[in-house]
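From a predicted model like this one, the values you see are computed outputs, not experimental measurements. We number each residue from 1, following the sequence as shown. Start at 1 and go down the list; that is how both ligands and their atoms are numbered.
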Amino acid sequence: MQAIRIGQGVDIHRFCAGDHVTLCGVRIAHDQGILAHSDGDVALHALCDALLGALALGDIGQHFPDTDPTWKGADSRDLLRQVLRLVHGRGYHVAQVDVCVLAERPRIAPHVLAMRSHIAADLQIDMADVSVKATTCEGLGAIGRREGLMAQAVCLLVQR
Ligand code: MG
């Protein structure tokens with residue numbers, strides 16, 4: 001296996017009735033909620049998939065099936081920490097991650113520092129190695145019509 005590995009992940013969830021969304025472990029007040037088995041944290045789900053993908057370990061749905069009551073209402077930060085254990089178990093550490101949230105609303109910018117600090121803590125790396133950013137979809141497509149939230153993530157792993 002190569003000493004440097006790259007991974008990418010994508011996730012999308014629908015809005016439903018509710019009063020908040022959770023992104024990178026940050027609870028953000030919103031006039032809708034997220035339909036999901038877990039807490040519906042698309043950003044952390046995309047990041048988990050990036051980390052798993054980097055080591056060809058499958059995807060988040062295989063590791064944490066939404067048919068398993070264990071993961072009902074799960075805190076996605078717990079999932080991320082479990083994925084990190086798999087990464088460490090394969091002899092790699094996380095060098096860098098970059099997460100992009102696609103959302104018309106809520107606004108992400110005010111929460112970016114808190115999001116980065118959660119990911120840095122959970123992955124045991126410096127905040128300087130964690131990027132979180134966001135974009136709207138300019139009103140285009142399902143995200144643009146405010147039907148849900150989407151996130152993409154990439155990561156770089158280096159052999160220890
Ligand atoms: Mg998901």
*asked:* Is the ring pair Phe64/Trp71 parallel, tilted or perpendicular, if the boundaries are 30 and 60 degrees?
replied: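 Ring orientation, 0 to 90° scale: perpendicular.
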*Just the protein N/O/S atoms under 2.8 Å from the Mg ion (ligand 1), please, no waters.*
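Listed by chain and number, the atoms are Asp11 OD2, His13 NE2, His45 ND1.
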*asked:* Using side-chain hydrogen bond (donor to acceptor under 3.5 Å, both in side chains), reason through His37 and Asp66 one step at a time and then give a plain yes or no.
replied: CA-CA 6 Å; His37 186 66; Asp66 62 9; over 6 Å; no
*Short question: side chain of His118, backbone of Cys24 - any donor-acceptor pair under 3.5 Å?*
yes
*For Cys48, which of Leu86, Leu84, Asp41, Leu80 qualifies under side chain to side chain contact (heavy atoms under 4.5 Å, CB included)?*
Leu80
*Can you spot which of Gln152, Met150, His13 makes a side chain to side chain contact (heavy atoms under 4.5 Å, CB included) with Val42?*
His13
*Residue Gln2 excluded, over 12 heavy atoms near CD under 6.0 Å*: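 Open: at most 12 neighbouring heavy atoms sit under 6.0 Å from CD of Gln2.
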